[in-house]
Visitor: 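Before I ask anything, here is the structure I am working with.
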Protein chains: 2
Amino acid sequence: MRPRTRRGGGRPTISDVARLAGVGAITVSRALREPERVSESLRGQIERAVTELGYVPDPNARALASARAEVFGVLVPSLTNSVFAEVVRGIYDSLSDGPFRVQLGNTHYSGLEEERLLQVFLSQRPAALIVSGIDQTKTARSLLEKADCPVVQIMETGPDPIDMMVGFSHFDGGREATANMITAGYRRIGFLGARMDPRSQRRLAGYRAAMEAAGLYDPRLVNTTPVPSSVSLGRDLFRDALAKVPTLDAVFCNNDDLALGVLFECHRASIEVPQQIGITGFNDLDMMQVAFPSVTSVTTHRYEIGCQAVAMACAAIAGERPEQRVVDLGFDLKLRESTARR
Amino acid sequence: MRPRTRRGGGRPTISDVARLAGVGAITVSRALREPERVSESLRGQIERAVTELGYVPDPNARALASARAEVFGVLVPSLTNSVFAEVVRGIYDSLSDGPFRVQLGNTHYSGLEEERLLQVFLSQRPAALIVSGIDQTKTARSLLEKADCPVVQIMETGPDPIDMMVGFSHFDGGREATANMITAGYRRIGFLGARMDPRSQRRLAGYRAAMEAAGLYDPRLVNTTPVPSSVSLGRDLFRDALAKVPTLDAVFCNNDDLALGVLFECHRASIEVPQQIGITGFNDLDMMQVAFPSVTSVTTHRYEIGCQAVAMACAAIAGERPEQRVVDLGFDLKLRESTARR
DNA sequence: GCCCGACTTGGTAGCGCTACCATACCTGCG
DNA sequence: CGCAGGTATGGTAGCGCTACCAAGTCGGGC
């Protein structure tokens, strides 16, 4: 109950450190933020005082005084989708060394929720913003354009970035995955898609482009649903597709969960993979190469996207805006047993 | 470039609102935080002024002045492990309505990292802290005990909570899962464990208790590794286990990823499940009931743990400390084809 | 010897908000 | 009618830090 200060829990403040080190408060502040601007001797004294008192700067006071919080705002559409979980992990890992904290928001694939969260995040004056996708609402886009901090759009590349971009082309991924199955000899290739967010739509467009180029496109081959993706949904979509088009000889799945559902259903119904049905997934989760038969999938560099986004934002904060504002990290089509028809 | 204020980007402040509404700044502050303490007429005027100016309170100034940030600090050992991803989702969903933000930290299963993050989080004076597990280091535990905010330990229950707890007994889960396989007629039941964090250790202890009770325990049946879990690791551990103990007739896997790896390896090696090998997993991911054969697993109420942790913390913040400080949400053993030997 | 610029250090004045206390007004009681 | 006790509102003084500016020190060029 020592009445050292009126409020605050009696934690040491910057002036406690300054007093102990025998310097001005502002010099302590500088020593912590720009050590090279303080002479070596003072720096030593200050460091000693900081250690002795166990001083930890108050980020709230810092943010208020400098009108800038050391926070990266990150908006993703889902926390449990392992694709975004890995992006987020890349962001956290890249940021764990520096002074920046992460403020994560879950938009639930909703543009309105994204706008709301953006408002909340912006009220903190973040150091940078990382948002998923390139299909922001008009309002969200305008908020981001007015934000006086670097903005990185991730997961996709496209024309007209708000500020910076890191991702890859979902269209190309869908097209290559489909083209590979056509080359492998499949003809009645179905598309299975869940959620159908903008990225899924572009994979579908890539699928369609490849099918049309080969003269194989048939709208009855396309099976989509707005329902969130899951393994069980993959099974269900596959059953529906097969009922609708019994001559189906392959499926390109929107993502690996669906592909896994298809694989299990094939086992259950004694459908031979890849002889009777070819399967291609998207994202290349660890399990796809372990599955039996192993499943062809499109590897996406999710962790790296997170890292690269942070790197670009940090460069921009440091005043070195990278000349390349749009970075395409590409993808790798991994050919495996599930499309190796002989 | 209007020099309205020296710093801040010209956003409206609480005194702008107060001036427009013709009241004192403190009344605006009250109207926003404790509306019932302000007369209805003033409240209306203030609300109108807030809307007109598009006023959004500055959380940093608020935190500084009240020595309390509207932030829940959440520490989990992994962001990509789908178990924790779901807990985190529960936390976010429960918190999205209220004024609280979430500050998420990834400890990478390291006690030291947990201590470091705790320091960082504590420097913000969070409204509550949610930490994973019950095996905090001495230092971390002491930090948490001194923290002047509610603390919830999640994922496990145990004696001697720091403050509050929500979880279930991993020991019981491991024991029941194992006992079920014994009942089903399996005798040489192996244990496959990755990572072997404290929760895995307790599942192993449960396995051992069940095996010993049946006079079946043999240390050669236990296969563990500190390596993080993955589907491919499940395959590898299973191969090792089978090489070491060719009479193996079942495996209890630490988690579903490993179980899936075992299942795939059985397919590949033409080992019949459940006749030749029984398989039980842990956590009951969606895919386990879709797999062929479907895989017996222990359902854990991960999303609910997140929700319950938030509910308890909020109650404590509101001054209504729940009389029940330790909540056991239990688990459900789901019996499926993979252990249905006939 | 003097002035100029570079470098180091410090003082002052807030950042936008709320805790604390004071004040004004009202109600009901003796 | 006066006064305790409650309710609604406001003023003052910070919370802990940093932007801004001022001042002091030093070396080098003329």
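So that the names make sense, note that chain A is the first sequence line, chain B the second, and so on, each numbered from 1.
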Visitor: What is the distance, to the nearest angstrom, from the CZ atom on R33(A) to the P atom on dT9(C)?
Guide: 15 Å
Visitor: Counting only side-chain nitrogens and oxygens, does S29(B) get under 4.0 Å of the OP1 or OP2 atom of dC17(C)?
Guide: no
Visitor: State, to the nearest 10°, the angle formed by the axis through the first five base pairs of the helix from dG1(C)-dC30(D) to dG30(C)-dC1(D) and the axis through its last five.
Guide: 50°
Visitor: Not counting sequence neighbours, list each pair that qualifies as a salt bridge (Lys or Arg N to Asp or Glu O under 4.0 Å) and has a residue in residues 306-317 of chain B.
Guide: none
Visitor: Closest-nucleotide mapping onto DNA chain D: is L64(B) or V28(B) further toward the 5' terminus? I mean the 5' end.
Guide: V28(B)
Visitor: Using whole Å, what does the distance between atom C1' of nucleotide dC15(D) and atom CZ of R68(B) come to?
Guide: 14 Å
Visitor: Applying salt bridge (Lys or Arg N to Asp or Glu O under 4.0 Å), which residue pairs with at least one partner in residues 309-323 of chain B are found, sequence neighbours left out?
Guide: D163(B)-R321(B)
Visitor: Restricting to side chain to side chain contact (heavy atoms under 4.5 Å, CB included), what partner residues turn up for D328(A), sequence neighbours left out?
Guide: T157(A), F168(A)
Visitor: Tell me, which pairs form a ring-ring contact (aromatic ring centres under 6.0 Å, His included) where one or both residues lie in residues 102-143 of chain A, sequence neighbours left out?
Guide: none
Visitor: Output a table of nitrogen or oxygen pairs between the protein and nucleotides 21-24 of chain C separated by less than 3.5 Å.
Guide:
none

Visitor: Can you pull the salt bridge (Lys or Arg N to Asp or Glu O under 4.0 Å) pairs that have at least one residue in residues 24-34 of chain B, sequence neighbours excluded?
Guide: E34(B)-R37(B)
Visitor: Got a sec, which pairs hit ring-ring contact (aromatic ring centres under 6.0 Å, His included) with one end in residues 73-104 of chain B, sequence neighbours left out?
Guide: F72(B)-F100(B)
Visitor: Starting from P on dC17(C), measure out to CG on D16(B) and report it in whole angstrom.
Guide: 9 Å
Visitor: So if I take residues 37-63 of chain A and measure heavy-atom distances to DNA chain D, which residues fall below 4.0 Å?
Guide: Y55(A), P57(A), D58(A), A61(A), R62(A)
Visitor: For residues 45-53 of chain B, tabulate all N or O donor-acceptor pairs below 3.5 Å that involve a side-chain atom, not counting sequence neighbours.
Guide:
unit_1: T51(B); atom_1: OG1; unit_2: E47(B); atom_2: O; d: 2.8

Visitor: Under 4.0 Å between a side-chain N/O of T27(A) and OP1 or OP2 of dT9(C), yes or no?
Guide: no
Visitor: Suppose we screen for side chain to side chain contact (heavy atoms under 4.5 Å, CB included). Which residues come up paired with P99(A), at least two apart in sequence or across chains?
Guide: E70(A)
Visitor: Write down the distance between CD1 (I26(B)) and P (dG10(D)), rounded to a whole number of angstrom.
Guide: 10 Å
Visitor: Who are the side chain to side chain contact (heavy atoms under 4.5 Å, CB included) partners of S96(A), not counting sequence neighbours?
Guide: R116(B)
